[in-house]
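When a residue number appears, it is its place in the shown sequence, counting from 1. Fair warning: this is a prediction, and the values are worked out from it, not measured in the lab.
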Amino acid sequence: MKVIHRAMVARGRNTALRLLMAGGLASTLAGCFQSSEVAQNEYPTDYRQRHPIVLKEGVETVEVLVGRSRGGLTARQRADVTSFANRWRAEAGSGIIIDVPKGGPTDRAAGDATRDIRSLLAAVGVPPNAIYVRHYHPSHTSLAGIKLNYSRLMAEAGPCGQWPGGLGPSLHSGYIENQPYWNLGCATQRNLAAMVENPTDLVQPRGDDPPYAPRRSIAIDHYRKGENPSGTYVGYDLGKISDVGK
């Protein structure tokens, strides 16, 4: 009886061990399946999701170099400052900060250039309370720069050039699933973010301008009388589309 009892106990232990091993194997396979599914979901096929364009606060800067023996601004520098001031009026999110070198051989020239800069900003329409001047100590050289900057909204995408997987067949490159490689579309998104005039256009459309009331009244009056509401163009040679290129 003792031998039979020992055999039954050993058989029960073996059965429990097999069940435990089967459960562990099932858990391992389930974990592998979940991790592969998560990895697949983390790899979007749309390039706009892999490389989204984000809006952030950036800095617009222009630098005016001044020499030791020169006072005022050159014609090119005056054009740069004027263009900078016009951009500030259109897109600025803060005042203008002017960093002026002090404590070097260009102090006198920097002071003359700063006065010219302030006069140009005032001529464009920048109020005096929107300009803040601060000083910094330049290096021991005969050439220093006056830096103008302000904060503005900027669009950015990237960084590009990331290759988490190779283009050839592999287990992690998406080659077998026929997925696009990770860097595809990054340059397009980055160029679009750099070229857009107003970054808010990527988030919402601009408001419509009000219609031209005199022309709208004329068109409505023609429509009410049963006449052709289209305009009459005088002095234009309305040729055929087939004549193009002849």
Side-chain angles (χ1 to χ4, degrees), residues 51-162 183 185-210 212:
H51 310 286
I53 299 178
V54 296
L55 303 184
K56 67 176 185 178
E57 187 177 13
V59 179
E60 182 74 13
T61 304
V62 66
E63 186 170 1
V64 178
L65 298 177
V66 294
R68 177 185 301 178
S69 304
R70 191 189 70 199
L73 302 178
T74 63
R76 177 63 181 273
Q77 291 173 341
R78 294 175 68 89
D80 291 340
V81 173
T82 303
S83 177
F84 176 84
N86 288 325
R87 292 197 303 270
W88 177 87
R89 295 186 59 186
E91 62 185 15
S94 68
I96 296 178
I97 299 177
I98 304 177
D99 294 324
V100 181
K102 187 177 182 180
T106 60
D107 283 355
R108 184 174 181 178
D112 296 338
T114 303
R115 285 190 292 271
D116 285 353
I117 290 174
R118 294 183 72 104
S119 64
L120 288 174
L121 296 179
V124 174
V126 180
N129 57 358
I131 302 174
Y132 175 71
V133 179
R134 61 188 183 184
H135 298 87
Y136 72 96
H137 296 283
S139 59
H140 298 286
T141 61
S142 60
L143 190 65
I146 301 175
K147 302 175 183 179
L148 294 80
N149 59 81
Y150 64 84
S151 300
R152 71 178 183 93
L153 193 64
M154 301 180 66
E156 188 177 78
C160 299
Q162 296 181 353
N183 198 58
C186 185
T188 302
Q189 291 288 89
R190 194 171 181 86
N191 291 336
L192 177 61
M195 291 186 298
V196 64
E197 179 186 5
N198 189 356
T200 57
D201 292 341
L202 301 173
V203 179
Q204 60 187 7
R206 300 186 186 183
D208 295 333
D209 294 332
Y212 184 58

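Sorted by first and then second residue, the salt bridge (charged side-chain N to carboxylate O under 4.0 Å, His left out) pairs with a member in residues 145-155 read Glu60-Arg152, Glu91-Arg152; sequence neighbours excluded. The list of salt bridge (charged side-chain N to carboxylate O under 4.0 Å, His left out) pairs with a residue in residues 118-131, not counting sequence neighbours, is empty.
Rounding to the nearest 0.5 Å places CZ of Arg78 at 6.0 Å from CG of Asp116. To the nearest 0.5 Å, the span separating CH2 on Trp88 from CG on Asn149 amounts to 13.5 Å. Between the CD1 atom in Ile117 and the CG atom in Leu73 there is a gap of 5.5 Å [rounded to 0.5 Å].
Of the possible donor and acceptor atoms, none in the side chain of Thr106 sits under 3.5 Å from a partner among the backbone N and O of Ala109. One N or O on the side chain of Gln189 and one on the backbone of His51 form a donor-acceptor pair closer than 3.5 Å.
With sequence neighbours excluded, the residues forming a side chain to side chain donor-acceptor pair (under 3.5 Å) with Asp112 are Arg115, listed by chain and number. Residues passing the side chain to side chain donor-acceptor pair (under 3.5 Å) test with Thr61, sequence neighbours excluded: none. By the side chain to side chain donor-acceptor pair (under 3.5 Å) test, Asn191 pairs with no residue at all, sequence neighbours left out.
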Return a table of donor-acceptor pairs under 3.5 angstrom between the side chains of residues 123-138 and protein atoms on other chains or two or more places apart.
| from | atom 1 | to | atom 2 | distance (Å) |
| --- | --- | --- | --- | --- |
| Arg134 | NE | Asp99 | OD1 | 2.4 |
| Tyr136 | OH | Gly145 | O | 2.5 |
| His137 | ND1 | Lys102 | O | 3.3 |

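For Arg87 and Ser83, the side-chain atoms include at least one donor-acceptor pair closer than 3.5 Å.
Side-chain contact check for Ile53 versus Val196: every heavy-atom pair is 4.5 Å or farther apart.
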